[in-house]
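Notes to accompany the following structure.
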Amino acid sequence: MAKYVFVTGGVVSGLGKGITASSIALLLKSRGYKVFMQKFDPYINVDPGTMNPIQHGEVFVTYDGCETDLDLGHYERYIDEELNYTSNITSGKIYKSVIDKERHGDYLGATVQMVPHITNEIKNKVYEASNSSGADIVITEIGGTVGDIESNTFLEALRQIQYEQGSSNTFFIHCTLIPYIFGSNELKTKPTQNSVRDLRNLGIRPDALVCRTPFETNDHIKDKLSMFCSVPKENVIDSVDVNNVYEIPLKYYDQKIDEIILKQFGLEVKPAKLDYWKKLVKTVDNLKDSIEIALVGKYVELHDAYLSVAESLRHAGYKYNVKIDINWVDSEQLEKEKDLDKVFKNTKGILVPGGFGSRGIEGKIMAINYARCHDIPFLGICLGMQLAVIEFARNVCGIDDVSSTEFDPTCKNPIIDLMADQKSIVNMGGTLRLGNYECTLKKDTLAYNDYKVDKILERHRHRYEFNNKYKSILEEKGMVFSGINEKANLVEIIELPNLKHFIASQFHPEFKSRPTRPHPLFDSFIKASKENK
Ligand code: GLN
């Protein structure tokens with residue numbers, strides 16, 4: 001049977017709870033335990049797939065096609081495990097399943113209530129993750145802040161788990177803030193005391209506090225927190241602001257949080273294997289040069305909307321010992337720009353990521369055209385691939401009125417069109433082509449050279465596809481279709497071999513990149529950008 005670590009948050013949001021949960025999971029894994037992670041999001045959307053990225057950041061996609069919160073990206077990157085549909089549970093998912101069961105008659109005449117029906121459903125999701133993963137330890141993060149109305153049923157379910165499983169099988173970590181007051185020059189514990197009181201009012205006693213603080217706390221503060229919050233002093237952990245987030249697991253390791261958890265669980269404290277992580281921290285701290293990569297998208301005002309893409313660029317940068325300076329280019333603004341040379345003056349590589357809808361499309365096409373005409377290394381992802389095809393068809397093949405039916409349903413040449421099995425779909429949520437699909441690579445291409453295997457599995461999130469009717473015209477003019485999904489005959493990768501580095505994929509490589517193992521497409525893109533003088 002698994003042991004359970006629950007991570008809650010107090011005082012304010014944005015304390016880095018996701019990184020804390022990931023860091024603790026990493027430490028437990030480094031001590032030889034099989035870990036699995038899960039996030040509860042209290043909002044009513046069934047998943048974040050239908051939400052605007054400007055509000056919620058990127059939608060992370062698991063291999064099994066679940067559209068999830070971006071924290072799952074942190075989890076996968078830190079613990080290097082593939083998560084799945086049991087890893088992201090929203091209130092919407094819980095309510096939907098309870099209401100479906102009620103309509104089906106499964107409750108046999110009972111009055112369906114928050115407690116026990118909703119809470120049982122939540123508990124089942126924790127146990128399901130534990131059973132299906134076979135993990136020794138499941139780490140569950142609860143989104144939002146203690147005290148929010150929305151998270152109360154989740155916390156009630158966890159209280160019940162604490163009661164049912166006992167303290168040798170459950171461990172609650174509460175993440176809080178210790179603010180520093182300038183003038184009196186003090187760190188303050190009161191917000192943490194209040195937030196722990198809120199948690200205890202819900203029947204949950206935290207086993208440890210992780211205190212986000214601008215400066216290290218001291219004995220006096222720890223004594224105070226220990227006494228007021230009924231938490232042993234050594235279980236009060238500092239989480240001091242850092243420049244390099246990869247340091248966080250090591251900072252927690254120094255304060256023995258993983259040992260404390262394992263001891264409470266009665267599990268052996270095996271030696272921690274962290275050398276690979278220490279090496280990563282050192283690399284990140286000592287990057288020699290920097291290169292500018294332009295990321296051209298319409299959600300650039302919120303960098304989190306492209307979180308995994310930005311992280312993947314950095315991962316490849318670690319390998320080539322370069323810091324990546326991202327030039328965040330707003331594609332809509334670019335449409336009004338006369339002087340592209342100015343925008344891309346210091347740019348060594350151009351990346352056009354995924355996106356939906358018609359806003360900013362022409363700006364992205366302008367950036368792709370600039371990359372192609374100036375032989376600047378280019379990587380297109382999903383919509384970025386579709387637009388690279390449109391740009392080439394328009395400007396190299398001379399096809400007129402060529403577009404995607406997503407933004408121009410009546411265009412004469414729909415080179416990007418709705419997939420056949422998408423035509424009858426009316427519901428928007430969860431109905432894209434999602435998750436892992438196979439792609440066969442063509443020998444002697446850039447793609448093959450990057451991966452060095454015949455077949456790959458990559459994660460998808462799209463509704464439109466390349467229209468094979470136009471394939472031969474584009475091939476005649478030099479475009480190579482280097483990756484194909486053979487089963488459905490779908491184009492997965494295109495490239496232009498007459499240029500130094502021009503490649504784009506229909507899938508999303510950014511979901512599989514790891515800090516110590518950059519994704520092959522990002523790897524070669526950054527290598528080419530670094531070599532681009
Ligand atoms: N909007 C495009 C489609 O649905 C591309 C999606 C994406 O970039 N994720 O096919």
Side-chain angles (χ1 to χ4, degrees), residues 47-54 56-63 65-68 70 73 295-300 302 304-310 312 331-332 350-365 367-368 378-391 393 402-409 411 414-437 439 458-468 470 483 485 488 490-494 503-513 519 521-522:
D47 60 47
T50 52
M51 286 190 217
N52 187 335
I54 292 287
H56 195 262
E58 88 173 358
V59 174
F60 188 83
V61 181
T62 55
Y63 76 88
C66 199
E67 295 175 282
T68 73
L70 54 72
L295 193 156
V296 187
K298 68 172 168 179
Y299 314 117
V300 290
L302 183 73
D304 270 0
Y306 302 106
L307 183 64
S308 292
V309 172
S312 303
S331 54
E332 241 183 330
I350 295 179
L351 189 151
V352 177
F356 291 83
S358 58
R359 200 162 53 80
I361 289 296
E362 285 306 319
K364 291 179 193 171
I365 292 180
I368 295 167
F378 170 76
L379 177 60
I381 297 175
C382 206
L383 181 66
M385 184 202 90
Q386 298 175 353
L387 297 179
V389 165
I390 293 172
E391 193 280 326
V402 58
S403 192
S404 162
T405 48
E406 179 180 9
F407 19 89
D408 189 357
C411 65
I415 199 163
I416 305 294
D417 200 2
L418 213 49
M419 289 188 266
D421 55 359
Q422 285 282 343
K423 291 198 168 135
S424 56
I425 285 175
V426 280
N427 274 351
M428 296 310 278
T431 56
L432 296 161
R433 180 173 181 247
L434 291 165
N436 268 3
Y437 285 94
C439 166
E458 290 281 3
R459 301 187 198 171
H460 297 70
R461 182 171 186 250
H462 66 117
R463 209 179 288 283
Y464 294 81
E465 61 162 317
F466 177 76
N467 184 343
N468 285 324
Y470 295 89
N485 173 280
L490 298 181
V491 167
E492 293 279 2
I493 309 178
I494 61 110
I503 188 164
S505 66
Q506 184 58 75
F507 55 77
H508 289 265
E510 70 271 26
F511 298 137
K512 286 178 78 171
S513 182
H519 186 281
L521 294 185
F522 282 91

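Remember, it's 1-based here, ligands and their atoms both numbered in the order they're listed.
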Original post:
Is there a donor-acceptor pair under 3.5 Å between the side chain of Q386 and the backbone N or O of Y464?
Top reply: yes
Original post:
N/O to N/O below 3.5 Å, does that happen between L432 and ligand 1?
Top reply: no
**OP:** Using a strict 4.0 Å cut-off to heavy atoms of G354, name the atoms of ligand 1 that fall inside it.
**Re:** 8 (O)
Original post:
So which heavy atom in the protein is nearest atom 4 (O) of ligand 1, and how far is it from that ligand atom?
Top reply: R463 N, 3.0 Å
Original post:
Do any nitrogen or oxygen atoms of G355 lie less than 3.5 angstrom from nitrogen or oxygen atoms of ligand 1?
Top reply: yes
Original post:
What residue and atom, counting heavy atoms only, is the protein's closest point to atom 10 (O) of ligand 1, and at what distance?
Top reply: Y464 N, 2.8 Å
**OP:** For atom 7 (C) of ligand 1, find the nearest protein heavy atom and state the residue, atom name and distance (0.1 Å precision).
**Re:** C382 SG, 2.9 Å
Original post:
Is D47 reaching over with its side chain to a backbone N or O of E67, donor-acceptor style, under 3.5 angstrom?
Top reply: no
Original post:
Got the closest protein heavy atom to atom 9 (N) of ligand 1, with its distance?
Top reply: R461 O, 2.9 Å
Original post:
In the protein, which heavy atom is nearest to atom 2 (C) of ligand 1, and how far is it?
Top reply: E406 OE1, 3.2 Å
Original post:
In terms of atom number and element, which parts of ligand 1 are under 4.0 angstrom from non-hydrogen atoms of H508?
Top reply: 9 (N)
**OP:** Can you label the angle between the F507 ring and the H519 ring as parallel, tilted or perpendicular, going by 30° and 60°?
**Re:** tilted
Original post:
Does ligand 1 have an atom under 4.0 Å from some heavy atom of Q506?
Top reply: no
**OP:** Looking only at non-hydrogen atoms, find the nearest pair between E465 and L418 and report the distance.
**Re:** OE2-O, 4.4 Å
Original post:
Quick check: does any side chain N or O of Y306 sit under 3.5 Å from a backbone N or O of Y299, one acting as donor and the other as acceptor?
Top reply: yes
**OP:** Please state which part of E465 comes within less than 4.0 Å of ligand 1, counting heavy atoms only: side chain, backbone, both or neither.
**Re:** neither
Original post:
Is any NZ, NE, NH1 or NH2 atom of the basic residue among E332 and R359 found under 4.0 Å from an Asp or Glu carboxylate oxygen of the other?
Top reply: yes
Subject >> Sole candidate of H508, K512, E58 that passes side chain to side chain donor-acceptor pair (under 3.5 Å) when paired with S308 >> reply: E58
Original post:
For the side chain of K298 and the backbone of F356, is there at least one donor-acceptor N/O pair under 3.5 Å apart?
Top reply: yes
